[in-house]
Engineer: 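Following this message is one structure expressed as structure tokens.
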Amino acid sequence: MQIAQILQLYPLQLIESSSPRLDVEILLMHALGKNRFFIYAWGEYELKPFEITKFKELFKERLRGKPIAYLIGKREFWSMPFLVNEHTLIPRPETELLVEVALNHLPKNGIVFDMGTGSGCIALAIKKERPDCQVIGVDNSLNSLNIAKQNAHNLNLEIEWIESDWFSKIEIKADIIVSNPPYIAINDRHLMQGDVRFEPQSALVSGKDGLDDLFYLIDKSRDFLNPNGWLFLEHGFDQGFVINSLLKTACYTNINTYQDSNGQERVSGGRFPFV
Ligand code: GLN
């Protein structure tokens with residue numbers, strides 16, 4: 001079978017995917033160990049039997065709905081490659097907003113906590129831009145910390161990783177706390193569709209309205225922020241208002257909500273004053 005034939009036939013089967021052609025291209029590149037240029041330039045290339053087997057294995061999993069990022073074991077975030085697997089959430093482009101907002105508030109030589117760091121993408125993006133800062137990535141899953149550590153190694157960035165259930169093992173304070181915590185309601189229909197079906201529930205679901213962990217972080221971060229330190233949280237598109245009120249009730253100041261590139265409210269945060 002030739003590359004051109006695969007590109008013609010296989011996308012037709014991926015009826016559930018929103019990007020069938022792209023999916024097949026990526027799986028083909030992965031199976032062949034080649035870049036997109038090769039795929040486009042060598043349509044008449046005849047796949048070797050082991051390459052066909054490899055491609056078909058990947059394709060079968062994709063037909064089952066498995067996310068492309070898990071099939072090829074990586075995803076780009078902040079223009080850097082990140083290893084991912086079933087233990088980590090797949091980095092989303094909208095989460096780059098959280099990095100941007102944090103960078104805009106980060107003091108020189110500041111200390112940053114990334115709570116629930118997963119693949120480490122937020123912590124590593126911040127460290128990449130601000131090597132002067134001390135960035136600490138926290139997660140309660142040793143499996144995701146192992147991926148985060150490999151990512152730090154591959155990107156040649158230094159982060160301190162702490163295995164901890166939220167703040168339970170944290171003994172210092174930060175100038176900025178960021179988090180993309182689980183924020184989906186347990187009975188949200190969205191959990192039965194697309195990539196999220198294959199992602200760790202512990203990174204997605206947070207109680208009956210999706211607010212349990214956001215609420216916890218707003219409350220608890222106050223004990224772990226230096227005076228006038230900032231907390232920034234990613235949340236669902238419809239949670240901005242309630243997160244604002246929770247921040248207000250918890251006595252944060254300078255509260256703001258930020259919209260992602262789709263115009264959805266995606267990040268909120270504020271400053272905890274010296275008391
Ligand atoms: N943004 C993700 C989604 O809606 C959820 C990520 C999260 O819960 N932190 O698929």
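The residues of the chain are indexed from 1 along the displayed sequence. For ligands, and for the atoms within them, numbers begin at 1 and follow the listed sequence.
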Engineer: What heavy-atom pair brings V205 and D213 nearest, and what distance separates the two atoms?
Structural biologist: O-OD2, 4.4 Å

Engineer: Among all the protein's non-hydrogen atoms, which is closest to atom 1 (N) of ligand 1, and how far away is it?
Structural biologist: Y183 OH, 2.9 Å

Engineer: Is H190 in contact with ligand 1, taking contact as a heavy-atom separation below 4.0 Å?
Structural biologist: yes

Engineer: With heavy atoms of P182 as the reference, note each atom of ligand 1 found under 4.0 Å away.
Structural biologist: 8 (O)

Engineer: For ligand 1, which is the ligand I care about here, please tell me if R266 has any N or O atom under 3.5 Å from one of the ligand's N or O atoms.
Structural biologist: no

Engineer: With heavy-atom distances below 4.0 Å as the criterion, list the atoms of ligand 1 near N180.
Structural biologist: 7 (C), 9 (N)

Engineer: May I ask you to decide if the ring planes of F38 and W42 are parallel, tilted or perpendicular, using 30° and 60° as cut-offs?
Structural biologist: tilted

Engineer: Indicate, with yes or no, if the rings of H30 and F55 have centres closer together than 6.0 Å.
Structural biologist: no

Engineer: Give the atoms of ligand 1, by number and element, whose distance to some non-hydrogen atom of A203 is under 4.0 Å.
Structural biologist: 7 (C), 8 (O), 9 (N)

Engineer: Which is it for V196 and ligand 1 at heavy atoms under 4.0 Å: side chain, backbone, both or neither?
Structural biologist: side chain

Engineer: For F198, what are the other residues in its hydrophobic cluster, where any two members join if their side-chain heavy atoms are less than 4.5 angstrom apart?
Structural biologist: Y70, V84, I90

Engineer: Could you tell me which non-hydrogen atom of F232 sits nearest to which non-hydrogen atom of G269, and how far apart they are?
Structural biologist: CD2-CA, 3.7 Å

Engineer: Compare every heavy atom of F113 with every heavy atom of I172, then report the nearest pair and how far apart it is.
Structural biologist: O-CZ, 3.4 Å

Engineer: Determine whether the side chains of Y258 and E265 contain a donor N or O and an acceptor N or O closer than 3.5 Å.
Structural biologist: no

Engineer: Would S206 count as a contact of ligand 1 if the rule is a heavy atom under 4.0 Å away?
Structural biologist: no

Engineer: Pull out every atom of ligand 1 sitting under 4.0 Å from any heavy atom of P181, numbered as shown with elements.
Structural biologist: 7 (C), 8 (O), 9 (N)

Engineer: In terms of relative ring orientation, are F224 and F167 parallel, tilted or perpendicular, with 30° and 60° separating the classes?
Structural biologist: parallel

Engineer: Within a distance under 4.0 Å of any heavy atom of L204, pick out the atoms of ligand 1 and give their elements.
Structural biologist: 5 (C), 8 (O)

Engineer: Please write down residue, atom name and distance for the protein heavy atom closest to atom 3 (C) of ligand 1.
Structural biologist: R92 NH2, 3.6 Å

